[in-house]
Amino acid sequence: MAITNNDIAAIFNRVADLLELSGGNEFRVRAYRGAAMSVASFSQSLADIIISGQEIPKLAGIGKDLEGKIGEIVKTGKLAQLKELESQVPTELIELTHLPGLGAKRVRLIYDKLGVKTIDALEKAARSEKIRAIRGLGEKTEKNILAEIEKRKGLQQNVRLIDAIKAAAPLVEYLKAVNGVTQVTVAGSYRRRKETVRDVDILVTCSKAKTVMDAFAAYPLVKQILAKGLKKTTVVLASGLQVDVRAVSESSYGAALVYFTGSKEHNVAIRKIGVRKKIKLNEYGVFRGKRRIAGKTEEDVYATVDLPWIEPELREDRGEIDAATSGNLPSIIELSDIQGDLHAHTTATDGRSTLEEMIEAAISRGYKYLAITEHTQHVTVAKGLEPKAMRKRLAEIEKAGQKYKEITILKGAEIDILGDGSLDLPEEILEELDIRVCAVHYKFNLTKEEQTSRILKAMENPWCQILAHATGRQINIRSGYEVDLPAIFRAAAQHGVALECNAQPARLDLNDLNLRAAKEAGAKFVISTDSHHTSELEFMQYGVWQARRGWLEKRDVLNSQSLKVLLSSLRKAPQAALSHK
DNA sequence: GCCGTTTTCGGCCCGACTGTTTTCAGTCG
């Protein structure tokens with residue numbers, strides 16, 4: 001299997017980890033980490049480019065040396081330099097640096113003094129009070145190490161955005177009620193709408209920061225206070241979610257919001273522009289010498305580095321700064337652009353709302369159209385319909401649809417892609433459908449090659465209009481099946497199969513980078529909720545957020561168009577459908 | 001190791017908090 005960009009990035013990150021542990025130059029370490037970021041977020045396969053004999057495009061943070069190393073990795077599958085480092089530094093130490101509070105310097109120090117290489121050995125050393133004996137460390141650090149090891153045992157992973165939103169809402173209300181507070185804004189990866197967040201960062205503007213810090217620390221759901229200062233407090237809530245609150249004055253709001261929204265890489269990039277222009281950006285404002293030249297709004301702050309305001313979802317240092325500089329920022333899609341939903345189930349299969357309830361919920365959202373897409377027979381766990389029952393259901397959908405003037409109800413199906421790549425409905429029923437959504441629901445364990453050729457075969461089928469669940473993942477539950485996504489994206493562009501950006505907050509089958517790569521490959525999209533209840537139609541927002549992170553614009557998303565344009569943009573169903581029967 | 005409106009060397013984003021030591025290093029975001 002060819003080397004992926006992620007493989008290259010992983011090697012560079014490992015080099016950075018080991019260089020850092022061996023006490024290497026910190027800027028050199030940073031260069032490897034930056035290169036890893038750059039490679040991982042590049043949308044085309046570097047291996048493909050090199051193997052086909054083309055020039056590697058100029059990537060930020062990659063110079064002659066690292067370009068050569070990318071070539072070495074692609075050609076040999078490994079990097080000699082990494083092997084060398086691995087023979088010099090115990091690789092187990094990398095794991096230790098992942099403990100909060102322990103960085104490369106302390107891990108190295110503990111290793112040099114005590115020979116500690118593993119978490120178990122570290123725990124033993126801490127329990128026998130050997131850590132505190134090391135000069136530079138102490139009793140507190142030793143206790144913190146033990147606490148972190150304990151915490152690891154009940155590992156807290158990143159939480160899904162939807163869960164962070166639910167946890168943050170009451171806390172935001174609580175903080176708004178604190179005396180002197182004027183604004184409460186959730187920033188961080190939450191504001192950038194990442195699919196999962198590590199913690200929740202809340203920015204508060206107020207007259208007296210100390211009052212806010214005290215009130216926050218006293219919030220009833222706080223389980224543990226990790227740090228508490230005059231301007232910044234970090235706690236863990238009873239749910240395990242970490243929350244940071246940062247207080248600034250009203251006049252610093254914009255600068256603080258930019259700083260606190262991140263990403264870190266985006267901030268570093270704009271501060272570097274600042275350095276070139278001899279101005280300093282921090283969370284309090286923008287400064288030329290001692291003089292403060294901006295800070296109240298985000299627009300003001302960006303203007304000082306000659307940039308327009310940038311949508312939070314784009315702030316990942318993945319090309320948005322160049323795009324902003326050259327006036328080429330994408331005009332990313334908005335929730336209000338969405339005109340209908342193209343993937344929904346009802347009580348006829350595994351949904352929990354009736355057909356009429358779903359239609360009325362879609363109307364109340366102002367939709368122009370809604371596709372009802374019941375499962376087909378192979379998906380027995382979801383009570384998938386066998387052809388006869390499907391035909392009956394389609395008649396019911398048509399009849400119900402006629403009762404409503406304000407919306408068009410499309411007869412659809414979520415057609416199972418069978419193990420051999422064929423579709424789980426006979427042609428005479430495929431022909432009756434207005435819209436055909438195809439997806440894999442079983443045999444997740446095929447090899448990457450097998451899974452890819454199975455799905456490609458389905459996409460070559462002229463009836464396949466939309467590919468749903470391109471990865472089958474469930475966030476924090478399962479990673480999805482092995483599949484060659486770039487090949488799927490190319491096929492989508494070639495055959496005119498729209499890719500579904502699944503909006504279920506626990507699914508979001510295609511991630512931000514996938515969406516962007518697919519767009520660059522020339523694919524079109526639909527954003528669909530895959531609703532099983534009227535309340536899930538609201539999940540459209542999560543799909544739109546993910547699409548925005550993938551740089552999708554209105555014109556890329558077919559269900560942001562009128563019904564007429566949507567139907568004419570979907571792949572044409574075969575005319576003489578049954579001719580080769 | 002990268003990079004250049006201080007351009008082939010000498011910089012490399014910036015500040016808060018903790019714990020340690022007593023002025024600062026380490027870690028984090």
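In what follows, chains carry the letters A, B, and so on, assigned in the order in which the sequence lines appear, proteins first and then strands, with residues in each chain numbered from 1.
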Using atom [atom1] of [X] as one end and atom [atom2] of [N] as the other, report the distance to the nearest whole Å.
X: A/Leu109; N: B/dG19; atom1: CG; atom2: C1'; result: 14 Å
X: A/Leu203; N: B/dA16; atom1: CG; atom2: C1'; result: 15 Å
X: A/Glu265; N: B/dC2; atom1: CD; atom2: P; result: 18 Å
X: A/Lys228; N: B/dG19; atom1: NZ; atom2: P; result: 14 Å
X: A/Glu26; N: B/dC14; atom1: CD; atom2: P; result: 14 Å
X: A/Ile270; N: B/dC12; atom1: CD1; atom2: C1'; result: 17 Å
X: A/Lys272; N: B/dC3; atom1: NZ; atom2: P; result: 9 Å

Donor-acceptor side-chain pairing of A/Lys264 and A/Tyr259 below 3.5 angstrom: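 Note: A/Lys264 and A/Tyr259 side chains miss the donor-acceptor criterion.
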Between A/Glu520 and A/Gln44, a side-chain donor and acceptor under 3.5 Å: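 There is no such pair between these side chains.
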Sugar-phosphate only, base, or nothing, as touched by A/Lys277 at under 4.0 Å among non-hydrogen atoms: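 No contact.
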Which residues satisfy the ring pair (Phe, Tyr, Trp, His ring centres under 6.0 Å) test with [X], sequence neighbours excluded?
X: A/Phe216; answer: none
X: A/Phe27; answer: none
X: A/Trp545; answer: A/Tyr542

Residue list, side chain to side chain donor-acceptor pair (under 3.5 Å) with [X], at least two apart or on another chain:
X: A/Thr297; value: A/Asp300
X: A/Glu86; value: A/Arg14
X: A/Glu67; value: none

For [X] and [N], is the shortest distance between a side-chain N/O and OP1 or OP2 below 4.0 Å?
X: A/Thr141; N: B/dT20; answer: yes
X: A/Asn144; N: B/dT18; answer: no
X: A/Asn282; N: B/dG15; answer: yes

As a test of understanding, state which of [options] forms a side chain to side chain contact (heavy atoms under 4.5 Å, CB included) with [X].
X: A/Ile475; options: A/Ile162, A/Asp509, A/Leu508; value: A/Leu508
X: A/Val212; options: A/Asn179, A/Thr205, A/Val204, A/Thr233; value: A/Val204
X: A/Gln242; options: A/Leu237, A/Val159, A/Leu226; value: A/Leu226

Audit row: A/Leu66, A/Tyr32, side chain to side chain contact (heavy atoms under 4.5 Å, CB included) steps and yes/no: CA-CA 8 Å; A/Leu66 287 175; A/Tyr32 276 95; 3.5 Å; yes
Flag, side chain of [X] to backbone of [Y], donor-acceptor distance under 3.5 Å:
X: A/Asp306; Y: A/Thr325; result: no
X: A/Glu20; Y: A/Ala104; result: no
X: A/Arg192; Y: A/Pro312; result: no

Considering only atom [atom1], compute the distance from [N] to [M] and round it to an integer number of Å.
N: B/dC9; M: B/dG15; atom1: C1'; value: 28 Å
N: B/dA16; M: B/dG11; atom1: C1'; value: 25 Å
N: B/dC14; M: B/dT7; atom1: C1'; value: 25 Å
N: B/dG10; M: B/dT20; atom1: C1'; value: 33 Å

Nearest-nucleotide 5' precedence on DNA chain B, A/Lys58 against A/Met213: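 Going by which nucleotide is closer to the 5' end, it is A/Lys58.
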Most 5' of A/Gln81 and A/Ala227 on DNA chain B, judged by nearest nucleotide: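 Checking each residue's closest nucleotide, the 5'-ward one belongs to A/Gln81.
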Reading 5' to 3' through nucleotides 4-10 of chain B, protein heavy-atom contacts under 4.0 Å coded B for base, S for sugar-phosphate only, - for none: -SB----
Sugar-phosphate or base contact per nucleotide [nucleotides 23-29 of chain B; S, B, -; heavy atom under 4.0 Å]: ---SSSB
Within 6.0 Å of NZ in A/Lys130, more than 12 heavy atoms from elsewhere: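 Counting neighbours around NZ of A/Lys130, 12 or fewer heavy atoms of other residues, nucleotides or ligands fall under 6.0 Å, so no.
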Can you pull out the residues from [range] that lie within a 4.0 Å heavy-atom distance of DNA chain B?
range: residues 66-80 of chain A; result: A/Leu66, A/Lys69
range: residues 28-37 of chain A; result: A/Arg28, A/Arg30, A/Ala31, A/Tyr32
range: residues 113-137 of chain A; result: A/Gly136, A/Leu137

For A/Glu55, side-chain contact (heavy atoms from CB on, under 4.5 Å) partners two or more places apart: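 With neighbours one apart ignored, the set is empty.
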Who pairs with B/dC14 - Watson-Crick or G-U, where each distance is under 3.5 Å: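 Because both required distances fall under 3.5 Å, B/dC14 counts as paired with B/dG29.
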Closest nucleotide among B/dC13, B/dC14, B/dA16 to the A/Lys280 side chain: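 The answer is B/dC14, which lies nearest to the side chain.
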